[in-house]
Amino acid sequence: MSEQLMGWKRTDYCANFTIEDIGKPVTLMGWVQTRRDLGALIFIDLRDRSGLMQVVFDASKFKGDFSQVEGLRSEFVIAVQGEIVKRDDETINEKLPTGLIEVKVEALKVLSKAQTPPFEIEDGSKVRDELRLKYRYLDLRRPELQQVLMMRHQIAQVTREYLNDNGFLEIETPMLIKSTPEGARDYLVPSRVHPGAFYALPQSPQIYKQILMVSGYDKYYQITKCFRDEDLRADRQPEFTQIDMELSFVEADDVMAVNEGLIKSIFKSALDKDIETPFKRITYKEAMDRYGSDKPDTRFGLELVDVSDLVKDTDFKVFASVVAKGGSVRAINVKGAVDTFARREIDALVDFVKIYGAKGMAWISMKSEGMQSPITKFFTEDQLSALLKEVDAETGDIIFFVGDTDKIVYDSLGNLRLKLAEKLGLIEEGTYDLLWVTEFPMFEYSE
RNA sequence: GGCCUGGUAGUUCAGCUGGUUAGAACGCUAGCCUGUCACGCUAGAGGUCGAGGGUUCGAGUCCCUUCCAGGUCGCCA
């Protein structure tokens, strides 16, 4: 049965105590993370959103019914009263921020018992999404997820602080709006008072922020939900939050400067990272030509090389005809990686680029015992040496080629580039390289 | 809508060319244990192998249908 607090007040969160608090009487409340039952001595790791604290129940010191302690199980919600004590040197836990101390418990209240959870509440959980969502309230107890939501809070706060300091007004705009198509499908909400008519949910507050500018509010922002009724991706939800803003009487550089400052503040506050400003800028065209993407990851090389001119007059008809039709042939040289890619792995990469519409992919392996490639036989010696020079080929390299329309070449090599970087471990975790991509085309070909 | 991968114990997974009683780890239950922190030791419970049909002497395994999930392309700034 559950007990009431009956006047117990929590002293502080579990992980907020330090060696400064030794000797203090405290009251803690939280969830049972783990229990280690040694008989007349029972350890409980008590968890709340701050972290863990080891609490110790010693049968000879505990002032309540010890069988109640023996009955504690995972995820019981309990309150304990006791004293913060220093741990003996040999019982210090260096893995725990609170590992120098523990709570010697005198009194216990079981506030809520719990059934055995359907999965363990721990970081790095590999439980399938469906089950996690069914028991969302349990999944959200994981420290990992609590960190994520706490970081969101932090980001929202620093965003408000920064934009407020820069003269922006936070203004809400309507959620039930007239459909203003932006390209994505709108979510629709049936109207009760106008049968047969529908509201749309905003894909962005675009129209409303423009009204605000026309009306003279000058600088506006809003941390707001947006909705797009399209299929999901691992990194794309139909409902998402964006920091929306609009400024009057400014030019592109002013908008970029404000955002650089905002992003710098967010990185500092949320990750304690110092970001250099101003950010690098590259044009859309340069991004596509060098990385095959309009949102390039510039933390590693593997840049694309346009070899269209060098293959357009060769006997390799596939490449020659692609160039003749206005497409291009581009290459990625993976330096020193020839032994990383056995024939089977090359074939897997060929299949990979086919996802993006490529009909195939050619390669040249610069093995120490000689070149291997399905295409070099089509080239004259001069053509081949010019090609190898252009891609900076040396012994040990492997070079991949895709020839097609620009769109397919960019898509397939741009994605191949990311896959290669992942496979080769070229992206250092926790590093950032921010940049602006400018001069986006006003229109795109629709095919 | 297309393609790929998967669905076996509470969870994560293994289960080969079809062959006795479907396994492991963690979790769970019971007992023992006063310094554990992945506690340990002993014992134990736990399965409609997603569903339906077919092939076969025999199906978790092969075939068909279907449902569900994840990823991805299309789509989407």
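So that the names make sense, note that chain A is the first sequence line, chain B the second, and so on, each numbered from 1. All values reported here derive from a predicted model rather than from experimental measurement.
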Under 4.0 Å, counting only non-hydrogen atoms across every strand here, what does Arg73(A) touch: a base, just sugar-phosphate, or nothing? sugar-phosphate
Taking atom P in both rG27(B) and rU42(B), compute the distance separating them and give it to the nearest angstrom. 15 Å
For rG60(B) and rA14(B), measure between their C1' atoms and round to the nearest Å. 12 Å
With a cut-off of under 6.0 Å to the ring centre and 45° to the axis, is Lys113(A) in cation-pi contact with Phe76(A)? no
Base, sugar-phosphate, or nothing for Thr91(A), non-hydrogen atoms under 4.0 angstrom? base
Under a 4.0 Å threshold between the charged nitrogen and the carboxylate oxygen, would Arg236(A) count as salt-bridged to Asp231(A)? no
Which is true for Leu96(A) with a 4.0 Å heavy-atom rule: it touches a base, it touches only sugar-phosphate, or it touches nothing? nothing
So what does Ser204(A) touch, heavy atoms closer than 4.0 Å: a base, only the sugar-phosphate, or nothing? nothing
The answer to which of Arg236(A) and Thr116(A) contacts RNA chain B further toward the 5' end, by nearest nucleotide, is Thr116(A)
Ring centroids only, cut at 6.0 angstrom: are Tyr432(A) and Phe267(A) within range, meaning strictly under it? yes
Reckon Gln237(A) touches a base, only the sugar-phosphate, or nothing at all at heavy-atom distances under 4.0 Å? nothing
Walk me through whether Asp45(A) and Arg35(A) qualify under salt bridge (Lys or Arg N to Asp or Glu O under 4.0 Å). CA-CA 7 Å; Asp45(A) 288 335; Arg35(A) 78 174 205 285; over 6 Å; no
Nearest-Å distance once atom C1' is located in both rC39(B) and rC32(B): 14 Å
Under 6.0 Å between ring centres, would you say that holds for Tyr356(A) and Phe352(A)? yes
Mind checking Lys61(A) for me? I need base, sugar-phosphate or nothing, with any heavy atom below 4.0 Å counting as a touch. nothing
State whether the number of non-hydrogen atoms from other residues, nucleotides or ligands found under 6.0 Å of Trp31(A) atom CH2 is greater than 12. no
Only distances under 3.5 Å count here; give the side-chain donor-acceptor pairs of residues 408-419 of chain A to other protein atoms, sequence neighbours excluded, each with its distance to 0.1 Å.
| from | atom 1 | to | atom 2 | distance (Å) |
| --- | --- | --- | --- | --- |
| Tyr410(A) | OH | Asp289(A) | OD1 | 2.6 |
| Tyr410(A) | OH | Arg330(A) | NH2 | 3.3 |
| Asp411(A) | OD2 | Lys407(A) | NZ | 3.0 |
| Ser412(A) | OG | Ile408(A) | O | 2.6 |
| Ser412(A) | OG | Val409(A) | O | 3.4 |
| Asn415(A) | ND2 | Asp411(A) | O | 2.8 |
| Arg417(A) | NE | Gly301(A) | O | 2.9 |
| Arg417(A) | NE | Leu302(A) | O | 3.2 |
| Arg417(A) | NH1 | Asp297(A) | O | 3.2 |
| Arg417(A) | NH2 | Asp297(A) | O | 2.8 |
| Arg417(A) | NH2 | Phe300(A) | O | 2.9 |
| Arg417(A) | NH2 | Gly301(A) | O | 3.0 |

Take the angle between the ring planes of Phe401(A) and Phe319(A) and call it parallel below 30°, perpendicular above 60°, tilted in between. tilted
May I ask you to check if Lys109(A) and Trp8(A) form a cation-pi contact, with NZ or CZ under 6.0 angstrom from the six-membered ring centre and within 45° of the axis? yes
Say we look at rC49(B) and rU61(B): how far apart would their C1' atoms be, to the nearest angstrom? 10 Å
Any base atoms under 4.0 Å from Lys295(A), or only sugar-phosphate, or nothing? Heavy atoms, all strands. nothing
Which residues, if any, of residues 30-39 of chain A bring a heavy atom under 4.0 Å of RNA chain B? Arg36(A), Asp37(A), Leu38(A), Gly39(A)
Given pairs defined as Watson-Crick or G-U wobble with both distances under 3.5 Å, what dot-bracket annotation applies to RNA chain B, with ( ) intrastrand, [ ] crossing, | other strand and . unpaired? (((((((..((((.....[...)))).(((((.......))))).....(((((..]....))))))))))))....
Please list, chain by chain and in numerical order, all residues satisfying salt bridge (charged side-chain N to carboxylate O under 4.0 Å, His left out) with Arg128(A), sequence neighbours excluded. Glu130(A)
Where do Ile223(A) and Arg160(A) land on the side chain to side chain contact (heavy atoms under 4.5 Å, CB included) test, with the steps shown first? CA-CA 9 Å; Ile223(A) 299 173; Arg160(A) 290 200 164 91; 3.9 Å; yes
Distance, P atom - from rG40(B) to rU36(B), rounded to whole angstrom: 12 Å
If you look only at pairs with a residue in residues 77-92 of chain A, which of them pass as a side-chain hydrogen bond (donor to acceptor under 3.5 Å, both in side chains), with sequence neighbours excluded? Thr27(A)-Gln81(A)
Note: for Pro117(A) and Asn93(A) on RNA chain B, the residue whose nearest nucleotide lies more 5' is Pro117(A)
Under a criterion of less than 4.0 angstrom to any heavy atom of chain A, what are the 5'-terminal and 3'-terminal contacting nucleotides of RNA chain B? rG1(B) to rA77(B)
What's Phe440(A) touching, base or sugar-phosphate or nothing? Going by heavy atoms closer than 4.0 Å. nothing
